[in-house]
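Below: the structure, in structure tokens.
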Amino acid sequence: MADRAAMNPLDAPTRVGEPSPEPAPIATVAVLAPLEKPLSYAIPPLLREQIQPGVRVVVPLGRRRALGVVLEVACGKDDGLRLLDEVLDAQPLLPPDLLNFLRRAAAYYHHPLGEVLRTALPAGLSSITTRVAILTERLYRPTPSSVVPPGTRQREVLAWLRERGEASLAEIAAQFPAPHAVLKRLVELEMLSVREAERRRDPFFAAPPPADARPTPSADQQRALELVLESLAARRFAPMLLHGVTGSGKTEVYLQAISATLGQGRQALVLVPEIALTPQLVARFRARFRDADQRVAVLHSGLSDGERYDAWRAIARGEISIVIGARSAIFAPLPDLGIIVVDEEHEAGYKQGEGWRYHARDLALLRAQRCAAVVILGSATPAMTSFHRARTGATAYLSLSERILGRPLPEVSLVDLSGRRLSGALAPELVEALAENLARREQSLLLLNRRGFAPFLLCRECGATFRCPNCEITLTYYQSHRHLRCHYCDYVQRPPQQCPDCGGTSLDPEGAGTERLEEELAAAFPGARIARMDRDTTRRKGAHQGLIEGMELGAIDILIGTQMVAKGHDFPGVTLVGVVGADASLNFPDFRSAERTFALLTQVAGRAGRGERPGRVLIQTYAPAHHALTCAARHDYLAFYEQEIAFRRDLGYPPFGHLINLVLSGNQPAQVESRAAELAAELDQVSAGVEVLGPAPCALARLRGRTRFQILLKAAARPPLHRLLAAVDAWRRKLPRTLNLAIDVDPLDML
DNA sequence: AGCACGCCGACT
DNA sequence: GTCGGCGTGCTC
């Protein structure tokens, strides 16, 4: 019988048959597949010159061809190795420090390097099948010739081109209608040369906003800037926390620090938690950096593959000075990165929740370390871990303690709801305050961190609620769509007329979401212009921006919304902020719930009184004595930190301990549970220096039809944790593919 | 992840 | 008797 492998054209010819007598160059390649380790390949003699670390290669992998990135080239025995097929880049696509950074990142997060590389590269560069269309265009350039062409049109076009230098066909066509024949003739006469070049799609063509004036920094801002400038001049890794109360002018510090970085000939990276929320920030950057050599690029999920590819290439060529983007922008290939700004560094949006669960802020610190850059972590409510680092001196501490122009922080009062029965979602105090604000024709903002009409539908007779068949949660009732929906898997069903359990006919929406609050307000204030901002109303492109503009123009009196309304907006007209359900986030089964609640309340309170008129804030709560509420009401970050840090210390939670969460999921509940128990028992055997907690069902014990158990690893130091992961790996290798084990290093939440 | 292999049910 | 379901193993 014939050898099947030998019949496969991919196989036999590429395999190195006999061991070479001489040591041959071997490439270590990170293949873009979830493999545990890089693979080694022999290098065909013809490709030896082109191979260097950082170039992409096509390699045989089993029966198929795969893309990989060369990590190292070394000499050794190449017997039994397969030959790599193709080298795709003439220059390293990933410069050494970027590649280095990604290798460190993969190790830290215990994630396969190939997958890390796939995450870091734009779609067009990370696959051999999906090629982005590389658009080319014709560029015409006058040759050094003084001959005068015969035709009038030819003379006109040539004169224009001699004036301008090189121009593309599109640009010429914009000046001279139907120029093709003329150009063709001029080329034939050798008065023009033509070349094909990669066309750059420029998604940044929008007209720049008017230039803004650079304000004189306040004393606080000046102090912060001096420290930044000093570190820049020394070209050293310098992490700093910029702790500035809401409205204190953190952005101005970013702008001036970046300006100094560009002055050094280096580039800047600005990370924002969610790019859709920050057109205002982008506009400020565009207004400040207007020179031809200060191009600003924005990376976000709305870019097409082609646009992303173009942006990536332009950044790598050094044509872009400032990149603004969401978490994945941390991988932007800026060649000489001098500063990374992480705006609102406490935001959970920096953490990738699926697949490779990286945290962009933490990666920013890692990357800056590799390229000796300054990192500014900016926040009014720093993460406990970030503030703790500043306390211990691991990062510098810069503080902006005053609002700009001496504007006061708003006055905050807590409305105690305990023991009270409200007729709707709003307490009379809040209704009254809204009425006053309307009478004064001032704007109000209401935070209710819950979408839909009601968080569940309840049977009055037997107390049954409606649950998602795929997830372990109740279905949210939407009056607008007349349906029940799951917020995790988007399962939808019609609300039944009768309770399926007892046949009862009184099924009532229980509790209130933003949709119901909007209805309640419309009834209470018939003349008011009310709008709602949550994931449901901002799904449509431009809807979010429309609401922001409505607020800026004063076309909205009351804006209701989820935490989306708390983030980063500067609405000078808002003088009243109401918080309808401050307790919901406190009851999350998670050690960070107080930290998150404090941050949310402080951020939303910070939306009040940013203009000329002072603001006030009313917070409805059932837990008025909780430190997250009392401290937020007093704008007292430090007091909150002191209380919270004591609790963290007692329990060994971050920043005093490090966590890794292992989540095992699968379709068969019994199998998941028993395997989780097995893993925990095995880890217990080798857990020196690590606490192994669990297994326990996740807070979301079922999600999209899969049962989930977690094992939490906790340790005072990282090395023993990473040692334990070696045991996890060994165990995982034996796991059937029907089960999935996710490793979450530094988990942000444990749902 | 792909892609093959191999072992079981329900079809012509 | 085959077609095809997905569990399992391997990829230099």
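Cation-pi geometry between Lys714(A) and Tyr653(A) is met: the NZ or CZ atom falls under 6.0 Å from the ring centre, inside 45° of the normal.
For the pair Leu81(A) CG and dT11(C) C1', the computed distance is 13 Å after rounding to whole Å. For Leu39(A) and dG2(B), the CG to P distance is 15 Å, given to the nearest whole Å. In this entry the distance linking CG of Leu739(A) with P of dT8(C) reads 10 Å, nearest Å. Protein atom CZ of Arg63(A) is 15 Å distant from nucleotide atom P of dC10(C), rounded to whole Å. Here dA1(B) presents its P atom at 7 Å from CD of Glu115(A), a figure rounded to the nearest Å. For the pair Leu67(A) CG and dG2(B) P, the computed distance is 12 Å after rounding to whole Å. One atom, CZ of Arg737(A), and another, P of dC10(C), lie 11 Å apart when rounded to the nearest Å. Summarising the geometry, the separation between CZ on Arg733(A) and P on dT11(C) is reported as 14 Å, rounded to the nearest angstrom.
Minimum atom distance to the side chain of Thr738(A) is reached by dG7(C), of the listed dC12(C), dG7(C), dC10(C).
A distance-only check finds a donor-acceptor pair linking the side chain of Tyr41(A) to the backbone of Pro60(A) [under 3.5 Å].
Judged as a salt bridge (Lys or Arg N to Asp or Glu O under 4.0 Å), the pairs with a partner in residues 88-102 of chain A (not counting sequence neighbours) are, in order, Arg56(A)-Asp89(A).
Every side-chain contact (heavy atoms from CB on, under 4.5 Å) that Glu115(A) has, sequence neighbours left out, goes to Pro34(A), His111(A), Pro112(A), Arg118(A).
Within 4.0 Å of Pro736(A), counting heavy atoms only, lie sugar-phosphate atoms of the nucleic acid but no base atom. Using a 4.0 Å heavy-atom criterion, one finds that Leu35(A) contacts the bases of the nucleic acid, with or without backbone contacts as well.
Checking the phosphate oxygens (OP1, OP2) of dC12(C), a side-chain nitrogen or oxygen of Arg82(A) falls inside 4.0 Å.
Judged by atom type and distance alone, Arg64(A) does not reach the base of dA4(B) through any side-chain donor-acceptor pair under 3.5 Å.
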